[in-house]
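For reference, the structure is listed below as structure tokens.
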There are 4 protein chains.
Amino acid sequence: MSKGAGGRPRDAAREEALLSAVIELLDEVGYEGLTIDAVARRAQASKATVYRRWPSKEALICAALLNVTSSVVPVPDTGELVEDLRLMLRHSARALKRNRSRIAAIVAAVATRPELTESFDRLFLAGRRAAARGVYERALERGELAPGPDIDLLIDAAPALLLQRVLYQPDEPLDDAFVDRVVNGLILPALGEPRGAGQQRRKTP
Amino acid sequence: MSKGAGGRPRDAAREEALLSAVIELLDEVGYEGLTIDAVARRAQASKATVYRRWPSKEALICAALLNVTSSVVPVPDTGELVEDLRLMLRHSARALKRNRSRIAAIVAAVATRPELTESFDRLFLAGRRAAARGVYERALERGELAPGPDIDLLIDAAPALLLQRVLYQPDEPLDDAFVDRVVNGLILPALGEPRGAGQQRRKTP
Amino acid sequence: MSKGAGGRPRDAAREEALLSAVIELLDEVGYEGLTIDAVARRAQASKATVYRRWPSKEALICAALLNVTSSVVPVPDTGELVEDLRLMLRHSARALKRNRSRIAAIVAAVATRPELTESFDRLFLAGRRAAARGVYERALERGELAPGPDIDLLIDAAPALLLQRVLYQPDEPLDDAFVDRVVNGLILPALGEPRGAGQQRRKTP
Amino acid sequence: MSKGAGGRPRDAAREEALLSAVIELLDEVGYEGLTIDAVARRAQASKATVYRRWPSKEALICAALLNVTSSVVPVPDTGELVEDLRLMLRHSARALKRNRSRIAAIVAAVATRPELTESFDRLFLAGRRAAARGVYERALERGELAPGPDIDLLIDAAPALLLQRVLYQPDEPLDDAFVDRVVNGLILPALGEPRGAGQQRRKTP
DNA sequence: GATTAATCGAGACGGTACGTCAAGTCTTGAT
DNA sequence: ATCAAGACTTGACGTACCGTCTCGATTAATC
């Protein structure tokens with residue numbers, strides 16, 4: 001006796017069309033203005049098709065953002081830890097500024113549905129964490145960095161500061177200068193370098 | 001002949017009743033479950049009275065939280081910077097854990113209505129910033145701390161980390177040990193102290 | 001000890017201003033569109049002043065219509081019953097057509113508040129009844145009309161037909177020809193005249 | 001490929017349930033007391049379902065009354081015109097008295113929304129008109145009635161008088177005696193019969 | 001090829017909250 | 001006690017959205 005095997009299979013193209021429609025509408029009308037009806041209409045789909053795939057509006061939004069956002073953060077490899085950090089964080093800062101409204105959308109979605117917290121982590125934290133870990137590990141391998149510093153803490157600290165700025169201090173600058181302040185004033189000291197060392201001498205001889 | 005300044009004045013007691021009702025309901029049913037109707041009913045008020053005062057559910061919630069949350073963070077004064085920081089952050093961490101749902105509410109409100117960003121700052125950041133600034137300034141006056149470190153950055157860094165944990169990493173601990181990691185692994189080094197110095201020697205002679 | 005005699009006396013001008021405002025608004029926005037707030041605003045009065053005088057919106061409307069509508073219907077006196085009836089009814093027909101929307105207003109008001117039924121009678125029926133009675137009585141005195149016909153019934157019949165047309169058959173004509181049909185086809189026969197007699201011979205010799 | 005004719009079809013049972021609920025509530029709480037919310041609740045429907053079908057409370061009420069009121073008025077056939085008229089009008093008078101509140105409801109609805117005037121005609125006038133026309137035509141066929149009288153006018157006259165009594169003269173009797181006055185004092189004379197002839201001699205030989 | 005069963009677009013459905021509006025009452029300070 | 005102004009409670013309004021459901025029409029895999 002076969003298990004329920006018959007039936008028309010799901011159309012993968014519908015999925016893609018729906019997720020694209022979410023992104024479009026999110027950029028057009030914002031999180032609050034987005035409705036499932038509008039998404040379905042835009043994608044020429046029916047609401048049933050949406051709910052067959054995602055359990056709620058918030059889950060749909062998270063899925064759409066996960067779909068367009070590359071979770072892979074490019075890991076720079078200049079051979080110098082300080083330069084790698086600077087490049088990585090500048091890249092992050094620019095990405096955050098560019099996607100301010102999308103970030104607000106997912107923050108609202110997560111605040112609304114705690115079960116989606118993991119999506120936030122996957123979208124914004126996991127990638128940066130992995131990239132940062134790679135940068136630090138390579139520095140350790142090179143001997144540029146001595147074991148000891150609380151690397152896990154440092155990995156979280158910079159994104160937390162950037163995210164706070166983009167979400168709650170939109171009037172404060174989020175530019176290369178700010179990234180430099182973070183690197184020089186916070187991270188390098190924590191790594192054992194004298195404050196601001198990175199500006200004068202690049203590599204410990 | 002005077003221009004129309006007459007009319008029955010707004011009843012401040014209604015305002016207070018409404019804000020209290022918001023807080024009660026927020027604790028009972030959460031941000032998503034809160035409705036203007038329920039708030040009005042609880043406060044024995046009418047919806048018109050609500051809308052006469054606040055333009056949206058989100059603004060109402062911000063007002064209510066601003067009303068109950070003392071913006072004054074107690075500033076410890078043990079005579080030692082490290083101890084002051086530790087006490088202050090432990091207090092913050094506990095407050096954040098205790099009010100997780102209220103924080104989620106305001107985060108959702110702000111993410112939904114960017115114009116309310118300032119409320120968030122007033123609620124969670126301004127008070128802590130002022131308190132931290134007081135702590136650092138006293139240390140400077142005592143000569144315990146030399147000028148130079150990027151104090152403004154440090155002031156923001158710790159709350160950002162705590163807030164990130166409470167909102168997006170609910171499974172990670174947010175306890176005294178974590179606060180110690182932040183102080184020892186991030187702040188003290190940035191202040192020019194060797195990493196973890198605060199644990200061995202307390203005061204610079 | 002004196003009974004409550006003190007206090008500022010009511011300003012009769014306010015009353016007139018309010019009633020005028022009702023009529024103006026009734027003509028501008030119709031019965032459904034009329035609000036007490038708008039009436040008060042238009043009359044530079046406060047709502048309290050309205051409710052001090054009339055117990056409800058419907059009563060106010062009736063009062064306003066009673067105020068502008070002369071309850072005295074001009075009684076023609078040509079010396080001939082048929083001519084008097086014809087003139088009187090033509091006048092009625094024109095008045096009804098002209099005030100179609102005001103009539104609809106009071107009909108709605110009365111249908112809503114049965115206690116105002118009397119107002120309707122005073123507005124539309126009493127005056128016409130008195131006028132018609134005068135016409136018939138003069139004819140009796142002149143000997144033009146023999147006792148016998150059910151005059152009270154005839155008095156009501158013509159207005160009922162006209163009112164029905166204006167309210168419920170707005171596409172049917174309500175003109176002199178219709179009035180003639182009513183007089184010739186209904187009233188004259190009931191008075192004992194052969195049908196349509198009034199058109200050939202006017203007075204019974 | 002067919003154009004959008006798909007979609008879930010409207011449920012006729014919902015329509016019936018809503019119309020029944022209107023009638024029930026109309027009898028329970030009257031026209032003013034009736035709310036769309038209550039109708040929807042009673043019919044286990046949602047307000048959207050109501051508004052999908054009827055544009056206003058007034059239209060809904062008209063639809064409901066049209067649904068329950070048989071537009072077919074029984075046409076008596078005694079073989080005698082006078083008797084037929086008497087029976088028909090007595091039946092009308094009783095029906096009007098019995099449904100006073102429903103009639104007030106539709107009068108208010110029509111006075112409020114002129115576009116519904118046709119409903120009134122269909123509800124109260126068309127059926128009676130058809131019945132009366134049948135009675136008169138049969139009398140003509142029988143030779144009981146000679147051509148000449150303004151039948152269309154007579155058809156309207158009696159209902160207009162009855163309706164006026166029930167709506168605006170609730171204290172005046174609306175009984176068989178009044179019907180007899182109308183028949184004897186108004187209709188028979190207009191048909192060419194001497195006043196009150198119907199009471200003495202029944203059939204013209 | 002016929003059967004089967006899940007899919008699809010469309011849109012009606014119950015439910016619920018929204019934000020607005022009007023009615024009628026009450027409060028203030030001034031006349 | 002009256003007045004204008006306008007806040008107040010009450011409660012219906014009509015709209016909008018959610019998530020579910022029904023309909024008839026596909027559309028593959030299974031028989």
Side-chain angles (χ1 to χ4, degrees), chain A residues 2 4-11 13-14 33-38 40-41 43-57, chain B residues 1-11 13-14 33-38 40-41 43-53 55-57, chain C residues 4-11 13-14 32-38 40-41 43-52 54-58 60, chain D residues 1-11 13-14 32-38 40-41 43-53 55-57:
Chain A
S2 69
R8 176 176 175 177
R10 287 196 187 165
D11 183 351
R14 308 314 307 127
L34 185 135
T35 68
I36 298 276
D37 283 271
R41 209 177 312 127
Q44 286 266 86
S46 77
K47 285 201 286 177
T49 302
V50 175
Y51 284 105
R52 225 172 267 128
R53 289 168 162 79
W54 301 279
S56 69
K57 171 179 160 176
Chain B
M1 173 190 175
S2 68
K3 217 213 60 175
R8 177 177 175 177
R10 289 199 183 163
D11 184 349
R14 309 306 318 122
L34 185 137
T35 68
I36 301 274
D37 283 273
R41 207 176 315 124
Q44 295 262 80
S46 78
K47 280 201 286 180
T49 301
V50 176
Y51 284 107
R52 215 173 278 126
R53 289 170 160 78
S56 67
K57 171 179 159 177
Chain C
R8 175 178 174 177
R10 285 196 187 166
D11 182 351
R14 308 313 308 127
E32 272 305 293
L34 185 135
T35 68
I36 299 275
D37 283 273
R41 208 176 313 126
Q44 288 264 89
S46 76
K47 285 202 286 178
T49 303
V50 175
Y51 284 105
R52 223 171 269 127
W54 301 279
S56 68
K57 172 180 159 176
E58 288 79 19
L60 169 61
Chain D
M1 172 192 171
S2 69
K3 218 213 59 180
R8 178 175 174 176
R10 289 197 184 166
D11 184 350
R14 307 314 309 129
E32 277 305 295
L34 185 136
T35 69
I36 301 274
D37 282 274
R41 208 177 313 126
Q44 295 262 78
S46 78
K47 279 202 288 180
T49 301
V50 176
Y51 284 109
R52 217 173 274 127
R53 289 169 159 78
S56 67
K57 170 178 161 178

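Computed from a predicted structure; not experimentally measured. In what follows, chains carry the letters A, B, and so on, assigned in the order in which the sequence lines appear, proteins first and then strands, with residues in each chain numbered from 1.
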Within the sub-3.5 Å range, which N or O atoms of nucleotides 19-22 of chain E have a protein N or O partner, and how far apart are they?
unit_1, atom_1, unit_2, atom_2, d
E:dG19, OP2, B:Y51, OH, 2.2
E:dG19, O5', B:Y51, OH, 3.2
E:dG19, N7, B:K47, NZ, 2.8
E:dG19, O6, B:K47, NZ, 2.7

Fill in the blank from the handout: Between C:A40 and B:R52, whichever has its closest DNA chain F nucleotide further toward 5' is C:A40
Fill in the blank from the handout: Heavy-atom nearest pair, A:R10 first then A:R52, reads NH2-O, 3.2 Å
Problem - Atom-pair distance (CZ on D:R14; P on F:dT22), nearest Å - result: 13 Å
Completion exercise
Between D:Q44 and D:R14, the two heavy atoms sitting closest are O-NH2, 3.3 Å
Exercise for the section: Would you please name every residue forming a salt bridge (Lys or Arg N to Asp or Glu O under 4.0 Å) with C:D37, sequence neighbours left out? Expected result: C:K47
Practice task
Would you please confirm or rule out a distance under 4.0 Å between OP1 or OP2 of E:dG11 and any side-chain N or O of A:S46?
Solution key: no
Handout entry: Most 5' of C:E58 and D:A45 on DNA chain E, judged by nearest nucleotide
Key = D:A45
Practice task
Could you check how far CG of D:D11 sits from C1' of E:dA10, rounded to whole Å?
Solution key: 17 Å
Practice task
Could you check how far CD of C:E32 sits from P of F:dC13, rounded to whole Å?
Solution key: 11 Å
Practice task
List the atom of D:A45, the atom of D:T49, and the distance in Å for their closest heavy-atom pair.
Solution key: CB-CB, 4.5 Å
Exercise for the section: Look at atom CD of C:E32 and say whether more than 12 heavy atoms of other residues, nucleotides or ligands are closer to it than 6.0 Å. Expected result: yes
Problem - Rounded interatomic separation in angstrom, taking CD from B:Q44 and P from E:dT25 - result: 19 Å
Problem - Inter-residue atom distance B:Y51.OH - B:S56.OG, 0.5 Å rounding - result: 8.5 Å
Handout entry: Distance test, side-chain N/O of A:R10 to OP1/OP2 of F:dT27, below 4.0 Å
Key = no
Completion exercise
The answer to which of B:A43 and C:A43 contacts DNA chain F further toward the 5' end, by nearest nucleotide, is C:A43
Practice task
Look at A:R53 and E:dC8 and indicate whether a side-chain polar atom (N or O) is within less than 4.0 Å of OP1 or OP2.
Solution key: yes
Practice task
Ignoring backbone atoms, establish whether C:T49 has a side-chain N or O less than 4.0 Å from OP1 or OP2 of F:dT2.
Solution key: no
Where do N or O atoms of nucleotides 24-26 of chain F meet protein N or O atoms at under 3.5 Å, pair by pair?
unit_1, atom_1, unit_2, atom_2, d
F:dT26, O2, A:R8, NH1, 2.8

Exercise for the section: Taking all heavy atoms of A:A40 and all of A:S46, pick out the closest pair and write down the distance. Expected result: CB-C, 4.0 Å
